[in-house]
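Below is one structure, written out as structure tokens; comments come after it.
Note that the structure is a prediction, hence the values are computed from the model and not measured.
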Amino acid sequence: MKSLIIASAVLLLAACAKSPNLDYDKTADFSNYKTFSWVPNASLTENVVNYQISPLTEKRVREAVNAQLEKNGMKLVDMAQADVLINYHASVDTKINTQTMNMGYNYWGVGHNTYTVTNEYDVGTLILDVVDSTSNQLVWRGAKEGRLKKKQSPQERTDAIVDTVADILSSFPPQKTDNI
């Protein structure tokens with residue numbers, strides 16, 4: 001039983017430690033992007049049937065993105081004046097985790113038992129897109145997935161969203177260190 005608890009803790013920590021998945025247009029000049037606005041029809045809650053993605057979640061994500069981009073030196077402006085437009089998407093998928101452990105009592109396998117534990121859990125993915133407002137082309141995308149907790153206070157939900165958005169946007173704008 002102790003092994004099961006340790007294995008579960010390691011898997012949980014590994015899931016939480018995932019770094020964001022990033023992609024961007026290497027020809028884009030990110031130094032020209034100083035202002036941002038939201039795509040007019042950007043919505044997390046449209047066509048989503050999941051209690052975790054609600055108008056409250058959408059508000060938290062927008063506020064976290066605005067705060068992080070402003071922290072990164074950008075300014076929120078009307079769409080007509082924006083250098084880039086922000087769009088976002090979210091999904092929640094149910095996954096199944098199965099763990100099988102063999103426990104033997106001696107070298108010859110006498111008393112050998114196999115235990116299988118299966119559990120369902122929700123994984124949420126948040127995707128942030130940055131679109132060049134002049135060319136209307138996607139220039140940067142960041143995404144992060146993580147295990148969702150069902151019983152969280154509003155403050156815990158806000159903190160999780162702020163941390164996720166900060167992690168995704170920590171590499172925006174990308175640094176010109178790649179020569180590939």
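Ile161 has its side chain within reach of Thr57: a pair of non-hydrogen atoms, C-beta onward, lies under 4.5 Å apart. Side-chain contact check for Lys59 versus Arg62: every heavy-atom pair is 4.5 Å or farther apart. Side-chain atoms of Tyr88 and Asp129, non-hydrogen and from C-beta on, never get closer than 4.5 Å to each other.
The distance from the NZ atom of Lys95 to the CG atom of Leu148 is 11.0 Å, given to the nearest 0.5 Å. Annotation: the span from Ser19 atom OG to Asp167 atom CG amounts to 7.5 Å, rounded to 0.5 Å. Interatomic distance, Glu145 CD to Asn21 CG, rounded to the nearest 0.5 Å: 9.0 Å. Taken to the nearest 0.5 Å, the CZ atom of Arg60 stands 4.0 Å off from the OG1 atom of Thr158. Atom OG1 of Thr116 sits about 10.0 Å away from atom CD of Gln99, to the nearest 0.5 Å. Rounding to the nearest 0.5 Å places CD1 of Ile86 at 12.5 Å from CE of Met79.
No continuous path of ILVMFWY side-chain contacts below 4.5 Å connects Leu85 to Val65, so the two sit in separate hydrophobic clusters. A continuous path of Ile, Leu, Val, Met, Phe, Trp and Tyr side chains, each step under 4.5 Å between heavy atoms, connects Leu22 with Val165, placing both in one hydrophobic cluster. Under the 4.5 Å side-chain heavy-atom criterion for Ile, Leu, Val, Met, Phe, Trp and Tyr, Met74 and Tyr24 are members of the same hydrophobic cluster.
In terms of heavy atoms, Ser37 sits closest to Leu76 at CA-CD1, 4.1 Å. Closest approach of Asp83 and Lys34 over heavy atoms only: OD2-N, 2.8 Å. Between Asp25 and Leu138, the shortest heavy-atom contact is CB-O, 4.5 Å.
Distance alone, capped at 3.5 Å, is enough to place a donor-acceptor pair between the Asp132 side chain and the Ser135 backbone. Between the side chain of Ser133 and the main chain of Ala82, a donor-acceptor pair closer than 3.5 Å is present. Under a 3.5 Å cut-off, the side chain of Ser153 and the backbone N or O of Glu156 do form a donor-acceptor pair.
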task: List the steps and the verdict of side chain to side chain contact (heavy atoms under 4.5 Å, CB included) for Ile96 and Asn119.
output: CA-CA 6 Å; Ile96 297 174; Asn119 64 323; over 6 Å; no
- request: I would like to know whether Thr118 and Asn97 meet side chain to side chain contact (heavy atoms under 4.5 Å, CB included); could you show each step before the answer?
  value: CA-CA 6 Å; Thr118 303; Asn97 183 29; over 6 Å; no
- prompt: Between Phe30 and Gln175, does a side chain to side chain contact (heavy atoms under 4.5 Å, CB included) hold up when you go through it step by step?
  reply: CA-CA 9 Å; Phe30 290 91; Gln175 304 301 311; over 6 Å; no
query: Do Ile168 and Leu126 pass the side chain to side chain contact (heavy atoms under 4.5 Å, CB included) test, and can you show the C-alpha distance, the side-chain angles, and the key distance before you say yes or no?
result: CA-CA 9 Å; Ile168 293 171; Leu126 177 63; 4.1 Å; yes
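Counting only N and O atoms by type, the side chains of Trp38 and Asn66 include a donor and acceptor under 3.5 Å apart.
Salt bridge status for Arg141 with Asp23: absent, with no side-chain N to carboxylate O gap under 4.0 Å.
Listed by first and then second residue, the ring-ring contact (aromatic ring centres under 6.0 Å, His included) pairs involving residues 133-158 are Trp140-Phe172 (not counting sequence neighbours). For residues 143-167, no residue pair satisfies the ring-ring contact (aromatic ring centres under 6.0 Å, His included) rule, not counting sequence neighbours.
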